[in-house]
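Structure first, commentary second.
This structure is a prediction, so every number in the text was calculated from the model and none was measured. Start at 1 with the first residue, then count along the sequence. For the numbers below, each heavy atom of this structure counts, side chains included, while hydrogens, waters and symmetry mates do not.
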Amino acid sequence: MKNFIYLLPFLLLSTLLHAQFTVEDYDGVPILDGDIRSFNSVVEAQATLYFWINNNTNEDILVKIKNESITNTDGSSYQFCFGTLCIFDVTEGQTYPESGIPETIPAGGTNPQFDKFFNQNEGDGTNFPLDYVWKFFQVDENGDEIGESITFTYRYDPNLSTSDFQLNQMGVTLNNTLATNEIQLTVKTPVSYELFNLQGKLIQTNTLNTGNSTIDVSNYKSGLYIMVFQDEAGNKATAKFIKK
């Protein structure tokens, strides 16, 4: 059996579908609790993680983001934007916004566009990776934490292999990550892909040409699946989707 080692939480489908809020990147790939998003560059176009916080309820919710820990760096030269806040150094243990006033995510809506995480710190040349652990959480009107939180790690390591590339660097866009019958994609350069279930079993493989493509998932059971894409240069990137 093919070895399958990816750093991701094995969450129940029902938890994902009924959470009051979810977080995803601009490719539509969910940022799940326990995820590690890895980057081997400090170039803005390659190392910026833009994010949406999706309010899945019919009422406004209040959200904060906390830096839980920073490893092998001091938090300098790290850009973090959230709502009206945009700073260029972050502090370990700090909850944002620093004013204590949470960001309001409107009913059925999202946070403002261009909220992001971006590390520009190259480190000391020896101690890697540089890890920034972030926690998204909801609060009530008194500022007390409520509901489920999402904690993930933004990681910078110049020694990462190309297998840690992000999907957008490869020119692949997932147009939906919640599917009944098919996954719809836009591909800028030809790529191959492998589709795995959560047990690590390879269940589909194919090649996608440039343009709009679809992948038939109608015969698969409901649950979370992982796709591994590879371009002609050998770079790899992963994405996740939920089969309803």
Review point. Is the Trp52 ring parallel, tilted or perpendicular to the Tyr26 ring (thresholds 30°, 60°)?
Key: parallel
Check your understanding: Using 30° and 60° as the class limits, which term best fits the ring planes of Phe117 and Tyr78: parallel, tilted or perpendicular?
Key -> tilted
Side chains of [X] and [Y]: does their closest heavy-atom pair fall under 4.5 Å?
| X | Y | value |
| --- | --- | --- |
| Phe21 | Asn55 | no |
| Leu185 | Phe229 | yes |
| Val63 | Pro102 | no |
| Glu122 | Pro158 | no |
| Asp25 | Arg37 | yes |
| Val187 | Tyr193 | no |
| Phe152 | Val23 | no |
| Asn119 | Val42 | yes |

Taking the side chain from [X] and the backbone from [Y], do they hold a donor-acceptor pair closer than 3.5 Å?
| X | Y | value |
| --- | --- | --- |
| Asn67 | Gln94 | no |
| Asn176 | Glu182 | yes |
| Asp60 | Ala107 | yes |
| Asp115 | Phe51 | no |
| Ser222 | Lys244 | yes |

Point to revise | Full working for side chain to side chain contact (heavy atoms under 4.5 Å, CB included) between Asp144 and Val139 | key: CA-CA 5 Å; Asp144 297 323; Val139 298; over 6 Å; no
Point to revise | Pair Tyr220-Leu195, side chain to side chain contact (heavy atoms under 4.5 Å, CB included): steps then yes or no | key: CA-CA 11 Å; Tyr220 300 137; Leu195 177 60; 3.6 Å; yes
What distance do [X] atom [atom1] and [Y] atom [atom2] have between them, rounded to the nearest 0.5 Å?
| X | Y | atom1 | atom2 | answer |
| --- | --- | --- | --- | --- |
| Met227 | Thr177 | CE | OG1 | 12.0 Å |
| Thr151 | Asp35 | OG1 | CG | 11.0 Å |
| Phe80 | Asp89 | CZ | CG | 13.0 Å |
| Ser76 | Asn121 | OG | CG | 4.5 Å |
| Asp33 | Glu148 | CG | CD | 8.5 Å |
| Asp231 | Lys188 | CG | NZ | 13.5 Å |

Cluster link [X] to [Y], ILVMFWY, side chain under 4.5 Å:
| X | Y | answer |
| --- | --- | --- |
| Leu130 | Val133 | no |
| Ile215 | Leu174 | yes |
| Ile203 | Leu208 | yes |
| Leu85 | Trp134 | yes |
| Phe137 | Val90 | no |

Point to revise | Polar contact flag, side-chain donor to acceptor under 3.5 angstrom, Tyr50-Gln113 | key: no
Check your understanding: Under 3.5 Å, is there a donor-acceptor pair between the Thr186 and Asn175 side chains?
Key -> yes
Between [X] and [Y], which heavy-atom pair has the shortest distance, and what is it?
| X | Y | value |
| --- | --- | --- |
| Thr238 | Val228 | CG2-CG2, 4.1 Å |
| Ile105 | Gly109 | CG2-O, 3.6 Å |
| Thr84 | Glu103 | N-OE1, 4.2 Å |
| Phe82 | Ile53 | CE1-CD1, 3.7 Å |
| Ala47 | Ser41 | CB-O, 3.1 Å |
| Thr57 | Gln20 | CG2-O, 3.8 Å |

Check your understanding: What's the verdict on side chain to side chain contact (heavy atoms under 4.5 Å, CB included) for Thr189 and Glu232, showing C-alpha distance, side-chain angles and the deciding distance?
Key -> CA-CA 9 Å; Thr189 58; Glu232 294 177 339; over 6 Å; no
Review point. Using 4.0 Å as the upper bound for N to carboxylate O, is an ion pair formed by Glu145 and Lys66?
Key: no
Check your understanding: Should we say atom CD1 of Ile146 is surrounded by more than 12 heavy atoms from elsewhere, each under 6.0 Å from it?
Key -> yes
Exercise for review: Please say whether more than 12 non-hydrogen atoms of neighbouring residues, nucleotides or ligands are located less than 6.0 Å from CD in Glu59.
Suggested key: no
Review point. Mind checking whether Phe39 and Tyr154 have ring centres under 6.0 Å apart?
Key: yes
Exercise for review: Report the C-alpha distance between Asn72 and Asp131 in whole Å, list the side-chain angles of each, state the deciding distance to 0.1 Å, and finish with yes or no for side chain to side chain contact (heavy atoms under 4.5 Å, CB included).
Suggested key: CA-CA 7 Å; Asn72 290 325; Asp131 278 353; over 6 Å; no
